[in-house]
Structures are given as C-alpha cells and as structure tokens.
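A short write-up of the structure that comes next.
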Amino acid sequence: MTKTLLKVALASSLVASLALAKSFEENLEALVQAKTGMPIKVVKSYELEGFKEMKFVSVESATSGQRFPLFASLDGNNIIGFSNLFFTQNAKNDEIVQNAIKEIQNFNETAKGKKLNEIFKSIPENRYVNLKSTGNNVKKTLVVVTDPECPYCRNEMKTIEEKLKDHHIKIILAPVGARTAFVKSQIAMDKIKEAKSDKEKISILREVYADSYKIPENLRNQPTKLIDENAEKIYSSGLIRGVPFVFEME
C-alpha cells in the first residue's frame with residue numbers, strides 16, 4: 001500500500017512538473033507575442049543559484065530567426081531584458097550565462113547569414129543593379145543595400161571599382177530616409193535599364209547619388225512601387241537596419 005501511494009505521489013509530482021514546464025514556455029511565448037507582436041519560441045532555460053524566482057532563458061524570434069537572452073519568472077508571466085550589466089560572485093552562474101551568450105551569438109551569426117542569403121536570392125534579378133567583376137575567374141558576389149541620400153552610401157559608391165576587382169556586385173536601392181530618396185532610386189533604376197555597359201550604370205548611380213543632384217520637376221511625383229517593395233522586403237526581416245549594408249553571398 002505504501003509503495004503504491006509513493007508511486008502515485010511521484011507520478012503526480014512528475015505530471016505537475018511537466019505541466020509547470022509547459023505552462024512556463026506557453027506563458028512566456030504568449031507574453032512576448034502580446035507585448036511586442038513578435039512570435040517566439042523558448043529554446044532553453046537555465047536555473048541559476050540564488051535566483052529562486054527567476055530563470056535565465058534563450059528565446060528565438062520566429063520572424064528573424066535570431067535568438068536573444070532574457071530573465072523570466074518561474075511561471076513565465078514576467079520578463080526582464082538581459083543587459084551587459086550582469087555581475088555575479090557565483091562562478092557557476094557566470095559560466096552558465098557566458099556559455100549561453102556565446103552559444104546565442106554563434107547561432108545568430110550562422111542563422112543571420114543563412115536568412116540573408118534566402119532574402120537576397122528571393123529578390124528578382126531586375127531589381128538589382130548587376131555589375132560584373134573586372135577580375136578573372138571571380139566566384140564571390142557582394143550585395144550592397146544602399147540609399148542615394150545617405151552620405152555613407154555616397155562614400156561606398158567611390159569604392160565600387162576597387163570591389164569589382166575580386167567580386168561581382170549586386171546593388172539594391174532600398175532607401176531608409178526621405179521620400180525624395182525613393183524617387184531618386186526609381187529614377188536611377190529607370191535610367192539603368194537603358195545602360196549599355198557597367199561603366200554607364202556606375203556613372204548613372206554617381207549622378208543620382210551626388211549631393212548636388214536635383215530631381216527634375218516632371219519626375220517629382222514619380223511612382224516608386226518597385227523601390228517601396230525593395231525597402232519592405234529588405235527591412236521587414238529586422239536583420240538590416242541601416243545603409244550601406246554590404247553582404248557576401250554564398
């Protein structure tokens with residue numbers, strides 16, 4: 001009889017523990033979704049000594065595929081964002097957190113590269129300004145995300161010939177600033193359609209990117225659907241947040 005009761009108690013304890021674990025993950029995922037609109041999944045949780053009411057947690061965004069750390073209460077209903085200001089006298093806690101952060105960083109680097117390759121490969125060729133390398137037997141390709149009104153992008157334009165020595169280049173115009181940048185981008189793409197050479201394409205880009213360039217009066221209300229879609233495709237992933245953005249495709 002005693003053994004039977006013990007088995008029932010252990011079984012009940014196990015069921016309760018499993019229910020709690022499931023509840024923790026579900027609550028945490030639901031909380032993040034409700035507060036940020038971002039669907040996530042709990043990848044792993046760690047118990048730290050001295051943190052009786054909290055867990056250290058690694059979660060993954062279903063949108064960007066990136067992982068990030070946070071602290072959560074044991075029921076998953078409360079969250080504190082993790083910052084670099086984490087200090088502890090407990091060597092075991094320090095090891096757990098440092099290893100978890102390193103694992104997250106390594107995963108993110110790999111996942112980001114994979115996701116970016118998927119994004120850039122899904123973009124139709126006619127949305128790129130394609131420039132062929134001037135080198136021999138070149139296999140590598142750079143994607144450059146750029147904005148004609150960005151001063152750093154203007155500087156990037158000055159290095160195109162140098163980069164073409166050992167890379168093919170695919171330029172995609174995806175402004176992050178004023179509406180005029182979208183119009184300039186559309187003007188550049190329309191002109192480049194008629195270009196007979198890569199040299200001419202580069203010349204058109206530099207013309208439109210020049211700080212002194214003024215949008216012609218008759219083109220100020222130019223439709224920019226293609227450029228709008230470029231920007232939406234590029235920035236909706238959350239992986240690219242500024243320009244110029246340079247990425248070597250696989």
Side-chain angles (χ1 to χ4, degrees), residues 63-66 109-210 213 215-216 219 221-250:
T63 306
S64 67
Q66 295 287 282
E109 194 63 32
T110 301
K112 183 177 181 179
K114 183 179 178 181
K115 187 71 174 178
L116 286 171
N117 270 296
E118 290 174 0
I119 291 171
F120 291 132
K121 286 177 180 177
S122 72
I123 296 173
E125 284 299 309
N126 65 352
R127 291 177 179 267
Y128 288 107
V129 179
N130 288 294
L131 303 174
K132 188 176 180 180
S133 175
T134 54
N136 296 319
N137 301 317
V138 173
K139 305 291 185 183
K140 297 178 181 179
T141 298
L142 289 180
V143 175
V144 180
V145 182
T146 181
D147 177 336
E149 291 189 345
C150 161
Y152 302 106
C153 296
R154 292 191 187 111
N155 289 334
E156 184 67 30
M157 281 292 158
K158 296 175 184 177
T159 69
I160 287 180
E161 286 87 355
E162 187 63 31
K163 286 186 171 66
L164 282 171
K165 290 178 181 178
D166 50 18
H167 287 87
H168 303 295
I169 296 179
K170 300 168 77 68
I171 296 172
I172 185 160
L173 298 164
V176 294
R179 195 68 204 159
T180 50
F182 287 77
V183 175
K184 289 178 181 180
S185 296
Q186 190 66 59
I187 290 171
M189 290 301 293
D190 290 344
K191 285 188 172 186
I192 285 169
K193 286 178 185 176
E194 308 301 322
K196 300 294 190 295
S197 66
D198 283 358
K199 185 176 180 180
E200 191 176 347
K201 292 177 187 178
I202 294 170
S203 178
I204 291 168
L205 287 170
R206 285 184 173 150
E207 174 195 354
V208 176
Y209 272 64
Y213 179 78
I215 299 172
L219 295 178
N221 295 316
Q222 169 102 333
T224 60
K225 184 173 183 291
L226 181 144
I227 305 301
D228 295 341
E229 291 174 352
N230 284 355
E232 172 63 22
K233 182 77 173 178
I234 292 295
Y235 302 119
S236 62
S237 69
L239 297 176
I240 302 173
R241 299 182 180 179
V243 288
F245 182 84
V246 182
F247 176 74
E248 186 173 287
M249 290 183 72
E250 291 180 358

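The residues of the chain are indexed from 1 along the displayed sequence.
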Would you be so kind as to tabulate the donor-acceptor pairs closer than 3.5 Å made by side chains of residues 174-187, with sequence neighbours excluded?
{"from": "Arg179", "atom 1": "NH1", "to": "Asp228", "atom 2": "OD1", "distance (Å)": "3.2"}
{"from": "Arg179", "atom 1": "NH2", "to": "Thr224", "atom 2": "OG1", "distance (Å)": "2.2"}
{"from": "Arg179", "atom 1": "NH2", "to": "Asp228", "atom 2": "OD1", "distance (Å)": "2.9"}
{"from": "Arg179", "atom 1": "NH2", "to": "Asp228", "atom 2": "OD2", "distance (Å)": "3.1"}
{"from": "Thr180", "atom 1": "OG1", "to": "Glu149", "atom 2": "OE1", "distance (Å)": "3.1"}
{"from": "Thr180", "atom 1": "OG1", "to": "Glu149", "atom 2": "OE2", "distance (Å)": "2.6"}
{"from": "Lys184", "atom 1": "NZ", "to": "Glu149", "atom 2": "OE2", "distance (Å)": "3.1"}
{"from": "Ser185", "atom 1": "OG", "to": "Ala181", "atom 2": "O", "distance (Å)": "2.8"}
{"from": "Gln186", "atom 1": "NE2", "to": "Asp190", "atom 2": "OD1", "distance (Å)": "3.2"}

Name every donor-acceptor pair, under 3.5 Å, that has one atom in a side chain of residues 109-120 and the other anywhere in the protein, sequence neighbours excluded.
{"from": "Thr110", "atom 1": "OG1", "to": "Asn106", "atom 2": "O", "distance (Å)": "3.2"}
{"from": "Asn117", "atom 1": "OD1", "to": "Glu250", "atom 2": "N", "distance (Å)": "2.9"}
{"from": "Asn117", "atom 1": "ND2", "to": "Gly113", "atom 2": "O", "distance (Å)": "3.0"}

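In this structure, Lys233 and Ser122 have side chains that are in contact, with non-hydrogen atoms separated by less than 4.5 Å. Counting heavy atoms from C-beta on, the side chains of Val145 and Phe247 never come closer than 4.5 Å. Using a 4.5 Å heavy-atom cutoff, the side chains of Phe245 and Leu239 are not in contact. Looking at heavy atoms from C-beta onward, Ile169 lies out of side-chain contact with Thr141 at the 4.5 angstrom threshold. At a threshold of 4.5 Å between non-hydrogen side-chain atoms, the residues Asp198 and Thr134 do not count as touching. At a threshold of 4.5 Å between non-hydrogen side-chain atoms, the residues Thr146 and Leu205 do not count as touching. The side-chain heavy atoms of Ser237 and Ser64, taken from C-beta on, include no pair separated by under 4.5 Å. The shortest distance between side-chain heavy atoms of Lys170 and Glu125 falls below 4.5 Å.
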Are Arg206 and Glu161 close enough, and set up right, to give a salt bridge (Lys or Arg N to Asp or Glu O under 4.0 Å), and what steps lead you there? CA-CA 12 Å; Arg206 285 184 173 150; Glu161 286 87 355; 2.7 Å; yes
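Taking CD from Glu156 and CG from Asp147, the interatomic distance works out to 13.0 Å, rounded to the nearest 0.5 Å. Atom CD of Glu200 and atom NZ of Lys191 lie 10.5 Å apart (nearest 0.5 Å). Distance CE/Met189 to CD1/Ile171: 10.0 Å, rounded to 0.5 Å. Expressed to the nearest 0.5 Å, how far CD1 of Ile172 lies from CG of Asn230 amounts to 4.0 Å. To the nearest 0.5 Å, the span separating CD1 on Ile240 from CD1 on Ile234 amounts to 4.5 Å.
The backbone N or O of Leu164 sits less than 3.5 Å from a side-chain atom of Ser133, completing a donor-acceptor pair. A donor-acceptor pair under 3.5 Å is absent between the side-chain atoms of Thr159 and the main chain of Glu162, judged by distance alone. A donor-acceptor pair is defined here as one N or O able to donate and one able to accept, closer than 3.5 Å; such a pair exists between the side chain of Arg127 and the backbone of Leu226. Under a 3.5 Å cut-off, the side chain of His168 and the backbone N or O of Val138 do form a donor-acceptor pair.
Enclosure of atom CG in Asn126 by more than 12 non-hydrogen atoms of other residues, nucleotides or ligands within 6.0 angstrom is indicated.
Minimum interatomic distance between Pro244 and Tyr152 (heavy atoms only, all atoms of both residues): CD-CB, 3.6 Å. Here the closest non-hydrogen pair linking Val143 and Tyr128 is CG1-CE2, 4.2 Å.
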